[in-house]
Amino acid sequence: MDKKNRHNSVARRTFLKGTTLAGALAATASLKAHAAPVSAAAPKKMTPPSRMQLAAETRVPPAEDPLTESKSGSDFMVDVLKSLNIEYAFACPGSAFRGIHESIINYGGNSQPELITCLHEEASVHMAQGYAKIEGRPALALIHAVVGVQHASMAVYNAWCDRVPVYIMIGNLLDAAMRRPGADWVHAAQDNAAMLRDCLKWDDQPVSLPHFAESAVRAYQLATTPPAGPVALAIDAGLQENPLGADDAAALSIPKLPRTTAVQGDSGAVEETAKLLVAADYPVLVADRMARTQAGIDRLKELAELIQAPVVDEAGRLNFPSRHPLNLSSRPSTPIRQADVILGLELSGPDWGFWGTVNRMNDNIVRRSHPITKPGVKTVHISALDLDLRSNYQEFGRFAPVDLAITGDSEETLPSLIEAVRRNLTDDRRAAIDGRGKKVADQQAKMLQADRDEAAANWDSSPISTARLCTELWDQIRGEDWSFVSEMLGISNWPQRLWAMEKQYHYIGNWGGGGIGYGSGAAVGAALANRAHGRLTVAINPDGDLMFSPGTLWTAAHHRIPLLMLVFNNRGYHQEYMHIERMAARHGRGLDRAWIGTEMRDPHIDYAKIAQGFGVYAQGPVSDPKDLGPAIKRAIDVVKRGEPALIDVVSQPR
Amino acid sequence: MLNVASRLFAAAAVLFLASGHLASAQDAQDKPQGNAARGKQLYVAEGCWSCHGYSGGGSAMTGPALVPMKLPLDAFRGQLRQPAAAMPPYTHDAFTDKDAADVFAYLRGIAAPSREAKDIPMLNE
């Protein structure tokens with residue numbers, strides 16, 4: 001830093017009225033005296049100083065410049081984080097947030113939040129996403145300016161689509177006059193959050209510590225109010241690093257975090273929905289990102305049992321016990337086709353949405369779609385998503401012309417809907433409802449048997465079938481307090497089809513935005529949250545996904561995060577393989593080259609060796625199904641000792 | 001991208017039902033005429049495995065089980081040329097009738113799985 005800039009910094013650092021700094025007055029005067037001649041006498045062509053010249057200029061600071069400070073702005077920022085009860089800060093180190101990094105580990109005692117070392121910003125955000133899906137409250141992701149934000153952006157999109165609160169702080173050196181040549185410039189932006197804004201609920205760039213405190217509490221409140229979502233604060237490096245005098249510190253205060261509530265659906269519309277459900281011959285309840293807490297699962301169960309309605313859980317979260325006699329999720333089209341009333345609860349995301357639930361669309365040259373519902377079906381959607389949509393990214397899916405769209409949080413609206421249904425139930429309807437329940441239970445039993453038969457048909461396959469993989473794992477965790485923390489579409493939804501999932505933490509849903517690289521980060525974050533509860537955390541992570549962020553394994557090893565990860569190793573980006581097959585078939589060019597650019601072979605990736613290189617206990621590749629059970633048992637023993645473990649399972653494609 | 005699986009799920013159901021219906025009528029007339037060894041190579045090279053599994057076991061999310069192969073050869077070839085629902089078409093230029101007969105012979109030669117769910121304790125937990 002040259003003398004001019006250093007002095008400028010002092011002038012700028014009077015960020016709080018009344019802040020005192022030894023020598024500040026003299027320095028400011030010096031700046032004024034120095035500035036005018038430079039401007040007037042500037043040569044037409046200036047040669048920038050060399051590194052050596054800069055070093056020579058800065059080697060010996062003037063005696064009046066302070067070299068130490070007892071407290072700085074970032075200490076106060078940590079006070080704010082503690083007031084918000086933020087447990088962890090996931091971070092890949094970056095100079096733009098060095099102030100708060102140091103304050104967290106020293107001033108804050110590396111507790112509330114504890115700093116979790118990450119090896120990529122995308123992993124930092126995904127870990128915070130996974131953590132929040134277990135705990136229901138946000139963790140902090142600390143992100144370096146510009147390049148760190150760019151790395152993090154896809155994960156922020158996942159969290160946005162997943163409606164998960166992630167609390168992001170982006171370091172940034174806002175004052176151009178303070179930036180040293182080099183990283184201070186290339187890693188600075190006028191508006192870091194700009195590249196994330198389409199997938200943030202809110203962001204701010206505070207210019208003072210009182211401003212920071214207010215915005216920090218506001219950000220937390222907004223992040224956690226349904227529909228939840230990521231928020232970001234760009235925290236200026238000057239604000240972090242400037243000295244904080246005792247008087248100024250004493251003048252600061254932290255606003256109280258308000259207790260918030262979710263929006264409930266309109267009472268009249270709820271009453272109308274209740275009447276529809278009670279009068280229906282075959283009402284179907286469909287839920288996606290509905291159950292934010294265990295209460296959501298319990299309430300949906302209460303409603304379903306009250307009217308003996310089949311439930312389709314589209315599994316954006318665990319919304320309904322998987323083995324419940326009214327759960328027909330294994331064959332969702334079956335109840336949808338029969339329904340005369342369909343109630344959707346937070347149907348979102350690119351895979352389903354309300355439109356995708358009740359329509360099918362082909363993938364041919366001419367794309368055709370058709371409804372799968374009966375003519376005259378009545379449709380109602382309760383969702384808070386319309387309260388917070390963005391225009392650019394199209395994750396909201398196709399418009400669904402439902403009969404009644406109730407704006408409100410489903411979990412919060414269910415109690416009044418249940419009450420309204422009770423009021424409208426008559427004795428004759430109760431008799432009809434009981435009969436329906438028996439038929440639905442029979443359907444469910446047949447679906448479960450069909451799933452078991454399908455699993456048995458591939459039982460001895462090598463590579464190992466996804467059904468066998470999931471069943472071998474289930475066999476060893478079902479007696480434990482377990483938590484499954486990875487998506488399951490790629491493994492044919494076998495956990496939902498075969499396991500007994502009942503509790504909110506038994507399944508935390510999928511990526512959100514379909515961004516690859518979510519799996520291992522979210523699993524580690526969720527496992528960290530589960531560690532405090534003593535739960536056995538398991539994940540089945542796709543191989544291609546793991547290769548986006550393998551460094552997450554090191555984080556698990558370093559922080560002693562107990563997690564059993566089975567690598568679902570089908571040796572390729574299989575969804576994309578099928579897409580290339582489709583294109584080749586469409587052109588009649590043969591499908592024998594579809595592997596080019598989609599498969600990971602020659603050489604095969606050795607995931608066990610990779611994990612071992614990160615210090616993680618690992619086994620594999622396992623391709624004989626008879627070897628899988630014993631391998632899982634050995635790995636669980638390791639996990640129960642508080643360590644992560646990985647098994648590379650060579651698997652069938654789906 | 002994500003909707004592909006659900007669409008294929010429907011296609012799988014269609015083909016599964018079709019295979020059962022046709023099997024009983026024409027089982028006897030369809031003794032494999034093709035080269036099963038070559039068919040095995042084609043099954044892998046031409047990507048059949050990607051939806052139906054390496055050993056034809058199928059997946060509810062991508063494609064039905066092909067073992068036991070209950071379709072007669074003509075119906076099998078017809079499904080390749082003009083697939084029901086989501087399966088990509090295999091045109092004659094890219095996949096000849098002989099190719100189809102060889103893969104058919106390979107699939108017919110694979111023994112049906114002998115395990116039943118009731119015999120696997122952990123599947124009944």
Side-chain angles (χ1 to χ4, degrees), chain A residues 330-333 349-352 356 360-364 372 449 451-463 465-467 471-472 474-475 478 489-493 497-498 500 514 574-579 581-592 594-595 629 652-654, chain B residues 1-13 16 41-42 44-65 67-68 80-81 83 85-96 99 112-125:
Chain A
S330 177
R331 306 285 190 281
S333 296
D351 197 33
W352 291 100
R360 292 294 177 268
M361 188 173 190
N362 71 19
D363 189 12
N364 295 334
I372 62 169
Q449 189 56 51
D451 287 336
R452 287 172 168 167
D453 290 343
E454 184 185 330
N458 291 294
W459 194 250
D460 296 316
S461 297
S462 178
S465 72
T466 50
T471 307
E472 292 281 358
W474 170 239
D475 189 51
R478 59 190 167 82
L489 186 62
I491 48 173
S492 300
N493 289 336
R497 294 162 69 189
L498 295 178
H574 192 71
Q575 190 74 47
E576 313 315 314
Y577 179 97
M578 291 191 290
H579 278 301
E581 274 193 320
R582 182 168 297 281
M583 291 299 100
R586 185 175 290 180
H587 295 117
R589 294 168 181 162
L591 282 68
D592 57 324
W595 63 273
Q652 294 283 332
R654 279 287 183 269
Chain B
M1 179 182 90
L2 301 176
N3 244 338
V4 170
S6 51
R7 288 197 294 273
L8 287 173
F9 184 88
F16 181 77
Q41 292 175 347
L42 285 169
V44 174
E46 294 292 337
C48 310
W49 62 273
S50 73
C51 295
H52 302 284
Y54 286 103
S55 46
S59 163
M61 303 298 286
T62 53
V67 176
L80 291 171
R81 303 291 184 235
M87 180 173 157
Y90 282 67
T91 62
H92 187 275
D93 287 347
F95 201 76
T96 66
D99 293 339
S114 56
R115 305 288 289 267
E116 291 187 37
K118 64 180 173 55
D119 301 326
I120 302 169
M122 70 175 76
L123 267 178
N124 294 283
E125 299 293 348

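In what follows, chains carry the letters A, B, and so on, assigned in the order in which the sequence lines appear, proteins first and then strands, with residues in each chain numbered from 1.
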Closest heavy-atom contact between [X] and [Y]?
{"X": "Ala585(A)", "Y": "Pro88(B)", "result": "CB-CB, 3.4 Å"}
{"X": "Glu472(A)", "Y": "Met122(B)", "result": "OE1-CE, 3.5 Å"}
{"X": "Ser50(B)", "Y": "Tyr577(A)", "result": "CB-CE2, 3.3 Å"}
{"X": "Glu46(B)", "Y": "Leu591(A)", "result": "OE1-N, 3.1 Å"}

Do Gln652(A) and Ser59(B) get their side chains close enough for a donor-acceptor pair, meaning under 3.5 Å?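 Distance-only check fails for Gln652(A) and Ser59(B).
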Looking at Arg115(B) and Ala455(A), would you say the former's side chain and the latter's main chain have a donor-acceptor pair under 3.5 Å?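 Answer holds: no.
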Side chain of Asn458(A), backbone of Gly57(B): donor and acceptor closer than 3.5 Å?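 Answer holds: yes.
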So which residue, Gly490(A), Ala594(A), Ala467(A), Pro653(A), ends up with the most heavy-atom pairs under 4.5 Å with chain B?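 Ranked by contacts with chain B, first place is Pro653(A).
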For chain B, which candidate among Asp460(A), Asp453(A), Thr466(A) shows the most heavy-atom pairs at distances under 4.5 Å?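 Winner by heavy-atom pair count: Asp460(A).
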Are the side chains of Tyr54(B) and Pro463(A) in touch, meaning some heavy atoms are under 4.5 Å apart?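 In short, these two side chains touch, coming nearer than 4.5 Å.
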Look at Ile120(B), Val67(B), Thr91(B), Leu123(B) and state which one has the largest set of heavy-atom pairs under 4.5 Å with chain A.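 Highest number of heavy-atom pairs under 4.5 Å: Leu123(B).
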With only heavy atoms counted, which part of [X] is less than 4.5 Å from chain B, the side chain, the backbone, both or neither?
{"X": "Gln449(A)", "result": "side chain"}
{"X": "Asp451(A)", "result": "neither"}
{"X": "Trp474(A)", "result": "side chain"}
{"X": "Ala457(A)", "result": "both"}
{"X": "Arg478(A)", "result": "side chain"}

Euclidean distance, [Y] [atom2] relative to [X] [atom1], rounded to 0.5 Å:
{"X": "His574(A)", "Y": "Cys51(B)", "atom1": "NE2", "atom2": "SG", "result": "6.0 Å"}
{"X": "Thr62(B)", "Y": "Gln575(A)", "atom1": "OG1", "atom2": "CD", "result": "9.5 Å"}
{"X": "Met87(B)", "Y": "Arg582(A)", "atom1": "CE", "atom2": "CZ", "result": "10.0 Å"}

Given heavy-atom pairs under 4.5 angstrom as the criterion, report whether the side chain, backbone, both or neither of Asn124(B) touches chain A.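 For Asn124(B), heavy atoms of backbone and side chain both lie under 4.5 Å from chain A.
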Met61(B) and Leu489(A): CA distance, side-chain angles, deciding distance, side-chain contact (heavy atoms from CB on, under 4.5 Å) verdict: CA-CA 8 Å; Met61(B) 303 298 286; Leu489(A) 186 62; 3.3 Å; yes
